[in-house]
Chemist: 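Pasting a structure here, questions to come.
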Amino acid sequence: SPFIVDDYSISLQTPIVFAGETTTLQYHVEKSGTAVRTLAPYLGAAMHLAVVKNDLSEFVHTHGEVHQPGAPVSKSGTGVHNHAPPPLAFGPDVEAHVTFPLPGIYTVFGEFLHEGRVVVSQFTIEVF
C-alpha cells in the first residue's frame, strides 16, 4: 500500500527479494492524486535511500535513478553508485537498485526533494 505523508502518496513496487541478489525498487510519487513530474535533485541524486535491517545489524545507502523513456538501463549489479546527475525536473517514477546482504526484515527510508521540501517515505520489506 502507498505511504502517505501530508498530500503525498508514495508507492513502492518490488519483486520477491532474496539476500545477495540485486533488487530493483520502483517508486511512484503523487501529490493530491496527481503524478509529480517536478521532483528535483537532492544532494546530487534523484533520491537517497537508507536501508536498515530491523535488528540494526545491516545498513545500506544507495541513490535513486531516473531513466528517460527509451533510454538503455545498465543492470550491472555491482552495487556501485551511478553518480550521473539527474535532470533538473523528473518524476513521477524513480528506481533504485539494492543488494540486501542477509535475509530478514528491513526498513527502507527514501528521501525525495519536491518544491524545496524533503519528503521522506518508509517501507518494510521482507528479504528471503
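Counting from 1, the numbers follow the sequence of the chain as shown.
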Chemist: First locate atom OG of Ser11, then atom CD of Gln26, and finally report the distance between them rounded to the nearest 0.5 Å.
Modeler: 11.5 Å
Chemist: I'd like to know whether CD of Gln13 has more than 12 heavy-atom contacts from other residues, nucleotides or ligands below 6.0 angstrom.
Modeler: no
Chemist: Taking the side chain as everything from C-beta on, heavy atoms only, tell me whether Ile125 gets closer than 4.5 Å to Ile105.
Modeler: no
Chemist: Mind jotting down which residue pairs meet the salt bridge (Lys or Arg N to Asp or Glu O under 4.0 Å) criterion with at least one end in residues 42-64? Sequence neighbours excluded, please.
Modeler: Lys53-Asp55
Chemist: Do Leu43 and His48 come within less than 4.5 Å of each other through their side chains, counting heavy atoms only?
Modeler: yes
Chemist: Ignoring hydrogens and angles, state whether a donor on the side chain of His97 or Thr24 is under 3.5 Å from an acceptor on the partner side chain.
Modeler: yes
Chemist: Nearest 0.5 Å please: distance from the CG atom of Leu12 over to the CD atom of Glu95.
Modeler: 11.5 Å
Chemist: Could I get the full list of ring pair (Phe, Tyr, Trp, His ring centres under 6.0 Å) partners for Phe123, not counting sequence neighbours?
Modeler: none
Chemist: Which heavy atom of Leu88 sits nearest a heavy atom of Pro41, and at what distance?
Modeler: O-CD, 3.5 Å
Chemist: Please find the pair of heavy atoms, one from Val60 and one from Pro101, that lie closest to each other, and give the distance.
Modeler: CG2-CD, 4.1 Å
Chemist: Applying the 4.5 Å side-chain criterion to the ILVMFWY set and letting contacts propagate, would Met47 and Phe109 be lumped into a single cluster?
Modeler: no
Chemist: Any ring-ring contact (aromatic ring centres under 6.0 Å, His included) involving residues 4-31? Give me the pairs, sequence neighbours left out, ordered by first then second residue.
Modeler: Tyr8-His114, Tyr27-Phe112
Chemist: Please, which pairs that meet salt bridge (Lys or Arg N to Asp or Glu O under 4.0 Å) have at least one residue in residues 96-123, sequence neighbours excluded?
Modeler: Asp6-Arg117, Lys31-Glu115
Chemist: Could I get the full list of side-chain hydrogen bond (donor to acceptor under 3.5 Å, both in side chains) partners for Thr124, not counting sequence neighbours?
Modeler: none
Chemist: Heavy atoms only: give me the nearest Thr62-Ala96 pair and the separation to one decimal.
Modeler: CG2-CB, 4.4 Å
Chemist: List the atom of Ala46, the atom of Gly64, and the distance in Å for their closest heavy-atom pair.
Modeler: CB-O, 3.6 Å
Chemist: Any non-hydrogen side-chain atom of Ile16 less than 4.5 Å from a side-chain atom of Phe128?
Modeler: yes
Chemist: Taking salt bridge (Lys or Arg N to Asp or Glu O under 4.0 Å) as the cut-off, I'd like each qualifying pair that reaches into residues 38-52, sequence neighbours left out, listed once.
Modeler: none
Chemist: What distance do Leu25 atom CG and Thr14 atom OG1 have between them, rounded to the nearest 0.5 Å?
Modeler: 5.0 Å
Chemist: Output the distance between atom OG1 (Thr23) and atom CZ (Phe100), rounded to the nearest 0.5 Å.
Modeler: 6.0 Å
